[in-house]
Amino acid sequence: MKILVIGGGGREHAIIMKLSESSRVEKLYCTPGNGGISRYAQCYDVKATDIDGVVALARELAVDMVVVAPDDPLVMGMVDALEAEGIPAFGPNKAAAIIEGSKAFSKELMKKYHIPTAEYEIFDNSEAAIAYLKEKNSYPAVIKADGLALGKGVIIAQSENEAVEAVRSMIDGRQFGESSARVVIEEYLTGPEVSVLSFTDGKTLVPMISSMDHKRALDGDKGLNTGGMGTIAPNPCYTEEIAKECMEKIFIPTMNAMNTEGRTFKGCLYFGLMITPKGPKVIEYNCRFGDPETQVVLPLLDSDLCDIFEAVCKGTLSETPIKWKTGACACVIMASGGYPQSYPKGLPISGLDDMGQTDGAFVYHAGTAFKDGKFLTNGGRVLGVTSAGDTLEYALDKAYKAVGNISFDNAHYRKDIGKRALNS
Ligand code: AMP
Ligand code: GLY
């Protein structure tokens with residue numbers, strides 16, 4: 001098979017490396033890709049959000065399947081456009097991708113189908129939102145932009161002042177454009193967070209191994225929110241008992257709810273969960289593989305990813321065996337100094353071989369360029385240095401050793417990835 005992957009980060013690199021293990025895969029393409037991905041797949045410069053450009057590229061390359069990995073092209077309807085041309089595409093269509101594209105939609109869905117989540121109200125008028133905040137008078141309060149906001153659309157306000165400011169800048173100031181014309185104000189929940197990605201063809205849903213993200217920039221979960229500074233899998237907070245409860249009360253009900261709404265979800269459905277004292281609740285849905293969760297989940301997959309993608313597209317997932325390796329996996333993100341705010345680009349990276357790899361790890365490139373035989377930094381998150389092992393402790397040790405082999409000016413990484421999991 002010839003497969004084209006859309007996107008250009010660590011998640012796409014992990015998908016491509018896993019696909020490259022399949023004996024059925026003859027050729028891998030990626031657009032736009034990045035420096036590291038270009039060593040494993042032929043890259044093009046069509047943007048991930050350029051639907052017409054991607055359809056034309058897929059036709060020109062005569063690919064057998066397109067894997068649409070990022071949220072924005074999915075929410076914009078890239079899968080619909082590919083399927084209209086008869087090109088099989090892995091990922092939800094526009095009607096189903098709304099589960100991530102609109103938090104107001106996903107909250108209403110959960111309310112209607114009794115899927116456990118934080119209590120909430122939806123507002124498109126800042127005065128009404130502020131009146132509600134004053135009436136509730138409960139802090140922290142959680143304020144979320146309705147639409148996609150590059151992972152920055154959630155504010156945990158510690159006081160009325162902060163909450164009012166967040167509401168005004170989102171609704172009145174259109175801080176995230178039309179994405180924040182509406183906001184969800186919800187109850188603050190506590191408990192460990194778990195990410196569970198799943199494969200679903202709308203009839204069968206198969207959860208993948210659980211994982212834990214580390215969203216804050218600095219050690220001890222301090223500093224600004226980022227796209228994710230590291231991950232581990234499996235997540236020790238996700239016991240078998242909790243997994244069973246999630247399957248019964250959250251995963252299957254969500255798949256069925258989407259079917260009932262006429263929005264059958266096919267692809268990777270991501271459940272962002274919090275294990276509260278009252279049981280697991282949904283914090284968010286994503287309509288795609290998580291980044292950097294994918295980097296620790298796919299290395300533990302012991303089945304052919306190409307077969308699974310094909311089964312999801314054809315609706316034959318129930319007949320496709322999906323096996324997992326034992327052991328654990330850890331990913332440490334090396335970021336540019338300054339991330340998630342401003343940072344330089346174009347710094348030379350040392351310690352990588354010609355394929356962009358180093359001993360003892362899979363190095364998934366998130367933001368690199370490959371020029372004149374050298375890797376350069378080209379983004380906020382630069383590399384996801386990932387190792388697997390029999391135990392989490394061993395996987396972390398290997399990943400941090402590999403991080404020690406690699407350097408660029410002002411590289412920043414957290415030293416405590418997996419620490420909380422080891423102590424839990
Ligand atoms: P999201 O972008 O929806 O994943 O939210 C970002 C982060 O905000 C989550 O990973 C949680 O840590 C936190 N968060 C979101 N919703 C809530 C909530 N209702 N209660 C507490 N924390 C939350
Ligand atoms: N790591 C969280 C996400 O992909 O949204």
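Side chains are part of it too, since the values below use all heavy atoms of this structure and drop only hydrogens, waters and symmetry mates. What you see is a predicted model; the values in this text were computed from it and never measured. Counting starts at 1 for both ligands and their atoms, following the listed order.
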Identify, by atom number and element, the atoms of ligand 2 in contact range of [X], meaning under 4.0 Å from any of its heavy atoms.
X: Asn286; value: 3 (C), 5 (O)
X: Gly290; value: 4 (O)
X: Tyr270; value: 2 (C)
X: Asp213; value: 1 (N), 2 (C)
X: Gly227; value: 1 (N)

Could you list the residues that satisfy side chain to side chain contact (heavy atoms under 4.5 Å, CB included) with [X], not counting sequence neighbours?
X: Ala328; result: Pro234, Leu392
X: Ser138; result: none
X: Ser303; result: Leu301, Ile308, Lys323

On a heavy-atom basis, I'd like to know which of Arg288, Glu284, Glu293 is closest to atom 5 (O) of ligand 2. Arg288

Does the side chain of [X] come under 3.5 Å of the side chain of [Y] through a donor N or O and an acceptor N or O?
X: Gln295; Y: Asp291; value: yes
X: Glu127; Y: Tyr132; value: no
X: Asp172; Y: Ser126; value: yes

Heavy-atom contacts with ligand 1 below 4.0 Å: which residues, ordered by chain and residue number?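 Protein residues near ligand 1 are Lys103, Ala118, Val142, Lys144, Val154, Ile156, Glu186, Glu187, Tyr188, Leu189, Glu193, Lys215, Met274, Ile283, Glu284.
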
Note: Arg288-Glu293 ion pair, threshold 4.0 Å (strictly below):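 Not counted as a salt bridge, because no side-chain N and carboxylate O are separated by less than 4.0 Å.
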
Positive for salt bridge (Lys or Arg N to Asp or Glu O under 4.0 Å) with Glu186, one of Lys103, Lys111, Lys107: Lys107

Is the shortest heavy-atom distance from the side chain of Lys94 to the side chain of Ile98 under 4.5 Å? no

